[in-house]
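A quick write-up on the structure given underneath.
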Amino acid sequence: MKILITAGPTREKIDPVRYISNYSSGKMGYALAEAAVRKGHKVTLVSGPVSLVPPKSVKLISVESAAEMACEVRRLAKSADLIIMAAAVADYTSAKFAKDKIKKKKAVLSIKLKKTEDILAGLGKSKKKGQMLVGFAAETSDLLRNAKLKIEKKNLDWIVANEVGRKDRGFSSDNNAATLISREGKKIVLPLQSKKLLAEEILKIIVRQAFQPVIN
Ligand code: PMT
């Protein structure tokens, strides 16, 4: 299969020396890419700024902002059989880029933010016949309920719901736990384990479903 995977954070510039970002290390997305090439798939990885070495045989496309990621993903999605969005795309970006460094004058400084494009929702709208779309849901509360809402809102085939805000899993950790939820409501709980093993499990489940014959 031709698989497109996103990983890592995005950086949203405020001025020439500052940006808004998050704690994503890219480990989850890179582990998925590694698991996919090991199974013989053709993998393109669109990655935000991380300090990881990309797996061999993966085509790496490095981006910085949500807008750049949106642009690359939109272009590459057309030829992908399976798309997995593991990137932690910033939901907001600075409304205005200050071309000079913002000076330390005010005691309280407000920065106006505007919404970024929802890349995954866009892919859901333009999904080709036979293409599989998998999103992640990073939640600190109501994990399954929020994840299910995202399946519908973004027209996904599967969502990987993972808890964030804890040290032993989620952002930056080497380990993670997840519940896979399918569009049809199938739920598969994957306990805490290394991101490498978890990635293999996630891929196995999703690829198996992709090859299941349609029974009328
Ligand atoms: O990188 P690591 O340190 O290994 O951490 C892994 C992880 C916690 C980042 C990963 O497992 C994860 O949960 N990734 C998704 C993070 C996220 O942005 O979740 P969300 O619930 O806010 O977004 C839902 C989905 O929409 C995600 O697939 C996201 O990629 C996508 N999205 C979000 C915002 C946006 N503007 N465009 C998007 O496409």
Side-chain angles (χ1 to χ4, degrees), residues 4-12 20-35 45-52 54-55 63-74 76-77 80 82-93 113-127 132-181 190 192-199 201-203 206:
L4 173 62
I5 297 171
T6 66
T10 65
R11 278 183 189 167
E12 310 303 320
I20 299 166
S21 193
N22 56 63
Y23 293 114
S24 171
S25 62
K27 287 175 190 168
M28 193 67 247
Y30 277 58
L32 283 163
E34 199 178 325
L45 179 62
V46 179
S47 175
V50 298
S51 50
L52 298 175
V63 297
E64 193 166 318
S65 64
E68 282 170 26
M69 185 172 279
C71 195
E72 291 299 335
V73 168
R74 219 181 295 122
L76 294 160
L82 167 62
I83 304 170
I84 308 177
M85 287 280 306
V89 187
D91 289 323
Y92 287 90
T93 188
L113 303 178
K114 61 177 183 196
K115 267 191 180 169
T116 56
E117 174 182 339
D118 191 322
I119 306 170
L120 190 55
L123 295 176
K125 280 191 190 126
S126 60
K127 191 158 68 170
M132 284 193 85
L133 194 54
V134 180
F136 269 70
E139 308 291 343
T140 52
S141 62
D142 278 338
L143 179 67
L144 300 186
R145 200 173 69 89
N146 286 325
K148 279 183 198 156
L149 290 175
K150 283 177 186 168
I151 293 190
E152 280 168 37
K153 199 170 152 211
K154 304 190 187 210
N155 190 23
L156 308 178
D157 297 287
W158 285 93
I159 196 148
V160 183
N162 59 173
E163 230 181 295
V164 292
R166 292 174 56 161
K167 275 219 168 103
D168 66 343
R169 65 194 67 190
F171 285 95
S172 291
S173 168
D174 286 337
N175 302 316
N176 206 5
T179 301
L180 258 79
I181 308 171
L190 301 171
L192 189 64
Q193 55 196 298
S194 74
K195 282 182 177 168
K196 285 184 193 282
L197 286 177
L198 186 71
E201 283 293 307
I202 293 170
L203 204 75
I206 289 165

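Indexing begins at 1, ligand by ligand and atom by atom, following the structure's order. Just so it is clear, the model here is predicted, and its values are computed rather than measured.
- At the top of the distance list for atom 6 (C) of ligand 1, counting protein heavy atoms only, stands Met28 CB, 3.6 Å.
- Close contacts of ligand 1 with Thr116, meaning ligand atoms under 4.0 Å from a residue heavy atom, involve 36 (N).
- We find the CG-CG distance between Leu203 and Leu82 to be 7.0 Å, quoted to the nearest 0.5 Å.
- Proximity of Ile119 to ligand 1, defined as any heavy-atom pair under 4.0 Å, is shared by backbone and side chain alike.
- Close approach to Lys27 involves these atoms of ligand 1, each under 4.0 Å from a residue heavy atom: 1 (O), 2 (P), 4 (O).
- The closest approach between Ser172 and ligand 1 falls below 4.0 Å for a heavy atom of the residue.
- Counting heavy atoms closer than 4.0 Å to ligand 1, residue Thr6 contributes nothing at all.
- Residue Gly135 places no N or O, backbone or side chain, under 3.5 Å from any N or O of ligand 1.
- Residue Ala86 touches ligand 1 through its backbone alone, judged by heavy-atom distances below 4.0 Å.
- The shortest separation from a heavy atom of Lys154 to ligand 1 is under 4.0 Å, placing the residue in contact.
- Taken to the nearest 0.5 Å, the CD atom of Glu163 stands 9.5 Å off from the OG atom of Ser141.
- For ligand 1, the polar-atom distance check against Asn162 finds a nitrogen or oxygen pair separated by under 3.5 Å.
- The shortest N or O to N or O distance between Gly8 and ligand 1 is not below 3.5 Å.
- Between the side chain of Asn22 and the backbone N or O of Ala88 there is at least one donor-acceptor pair closer than 3.5 Å.
- Those atoms of ligand 1 that come under 4.0 Å of a heavy atom in Met85, given as number and element, are 27 (C), 28 (O), 30 (O), 39 (O).
- Ile181 is listed as a side-chain neighbour of Lys148, based on a closest heavy-atom distance under 4.5 Å.
- In Ser25, the parts holding a heavy atom less than 4.0 Å from any atom of ligand 1 are both the side chain and the backbone.
- Residue contacts with ligand 1 include Gly26, since one of its heavy atoms falls under 4.0 Å from the ligand.
- Here the CG atom belonging to Asp118 is positioned 9.0 Å from the CG atom belonging to Leu123, to the nearest 0.5 angstrom.
- Leu190 approaches Leu180 most closely through the heavy-atom pair CD1-CD1, 3.5 Å.
- For Ala90, every heavy-atom contact with ligand 1 shorter than 4.0 Å involves the backbone, none the side chain.
- The proximity of Lys150 to ligand 1, defined as any non-hydrogen pair under 4.0 Å, is limited to the side chain.
- Ligand 1 lies out of reach of Lys115, whose nearest heavy atom is not under 4.0 Å from it.
- Considering only non-hydrogen atoms, atom 35 (C) of ligand 1 lies nearest to Val89 out of Asp174, Leu32, Val89, Thr93.
- Thr6 is not listed as a side-chain neighbour of Ile119, based on a closest heavy-atom distance of 4.5 Å or more.
- In terms of polar-atom proximity, Phe136 is counted as a contact of ligand 1, with an N or O under 3.5 Å from an N or O of the ligand.
- Near Phe171, meaning under 4.0 Å from one of its heavy atoms, ligand 1 places the atoms 3 (O), 5 (O), 8 (C), 9 (C).
- Between Lys127 and Asp157 there is a salt bridge, since at least one side-chain N of the basic residue sits less than 4.0 Å from a carboxylate O of the acidic one.
- Using modelled atom types, one side-chain atom of Thr10 and one backbone atom of Ala90 make a donor-acceptor pair closer than 3.5 Å.
- Per-residue contacts place Asp91 under 4.0 angstrom from the following atoms of ligand 1 (heavy atoms of the residue considered): 34 (C).
- In this structure, Asn176 contributes its side chain and Gly170 its backbone to a donor-acceptor pair below 3.5 Å.
- Annotation: Val164 places no N or O atom under 3.5 Å from an N or O atom of ligand 1; distance criterion only.
- The Lys195 neighbourhood of ligand 1 comprises atoms 2 (P), 3 (O), 4 (O), 5 (O), with distances under 4.0 Å to a heavy atom of that residue.
- Atom NZ of residue Lys115 and atom CG of residue Asp91 lie 8.5 Å apart, to the nearest 0.5 angstrom.
- Distance check: Glu72 CD to Leu45 CG gives 12.0 Å after rounding to the nearest 0.5 Å.
- When all heavy atoms of Ala66 and Thr116 are compared, the pair lying nearest together is CB-CG2, 3.8 Å.
- Contacts with ligand 1 closer than 4.0 Å are made by heavy atoms of both the backbone and the side chain of Leu120.
- For ligand 1, the atoms lying closer than 4.0 Å to a non-hydrogen atom of Ser24 are 1 (O), 2 (P), 3 (O), 9 (C).
- A distance-only check finds no donor-acceptor pair linking the side chain of Lys27 to the backbone of Leu52 [under 3.5 Å].
- The nearest protein atom to atom 36 (N) of ligand 1, hydrogens excluded, is given as Glu117 O, 2.9 Å; this is a heavy-atom distance.
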Could you walk me through whether Val164 and Phe136 pass the side chain to side chain contact (heavy atoms under 4.5 Å, CB included) test, one step at a time? CA-CA 11 Å; Val164 292; Phe136 269 70; over 6 Å; no
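- The line from CG of Asn146 to CD of Glu139 is 4.0 Å long, rounded to the nearest 0.5 Å.
- Listed by atom number, the atoms of ligand 1 under 4.0 Å from Asp118 heavy atoms are 35 (C), 36 (N), 37 (N), 38 (C), 39 (O).
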